[in-house]
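See structure below.
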Amino acid sequence: MLITFEGIEGSGKTTQSQLCARFLQNKGYSVVHTREPGGTVFGQHIRQLVLDPDTNLHHPYTELMLFYA
């Protein structure tokens with residue numbers, strides 16, 4: 001089963017996904033909790049770059065290409 005959480009920045013997706021993962025684990029389910037971009041060390045670096053308010057992405061496709069990476 002795949003469960004996704006969608007919403008605007010700051011809407012609580014991370015909080016709710018962590019609560020859901022913990023709930024399912026407590027029920028005995030095996031859970032793989034991920035987020036995008038993320039899941040790898042490189043993905044975490046991209047996530048920090050994209051979420052940093054000081055990052056100036058000069059072209060609209062730049063962020064898209066970072067997510068593809």
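Values below: all heavy atoms of this structure, side chains included; hydrogens, waters and symmetry mates excluded. We number each residue from 1, following the sequence as shown.
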Report summary line: Value for NE2 (His33) from CZ (Arg22), rounded to nearest 0.5 Å, stands at 9.5 Å
**Report entry** Student check: side-chain heavy atoms of Leu49 and Leu66 closer than 4.5 Å
**Finding:** yes
Report task. Drop me the distance from Gln18's CD to Gln16's CD, to the nearest 0.5 angstrom. Result -> 10.0 Å
**Report entry** More than 12 heavy atoms from other groups under 6.0 Å of CZ on Phe42
**Finding:** no
Report task. Following the transitive rule for hydrophobic clusters with a side-chain heavy-atom cut-off under 4.5 Å over Ile, Leu, Val, Met, Phe, Trp and Tyr, establish whether Ile46 and Tyr68 coincide in one cluster. Result -> no
Report task. Can you see which heavy atom on Lys13 is nearest to which on Phe5, and at what distance? Result -> CD-O, 3.8 Å
Report summary line: Distance col, row Leu57:CG vs Met65:CE, nearest 0.5 angstrom, shows 12.5 Å
Query raised in the report: Under 4.5 Å between side-chain heavy atoms, hopping through other hydrophobics if needed: is there a path connecting Leu24 to Leu2?
Result: no
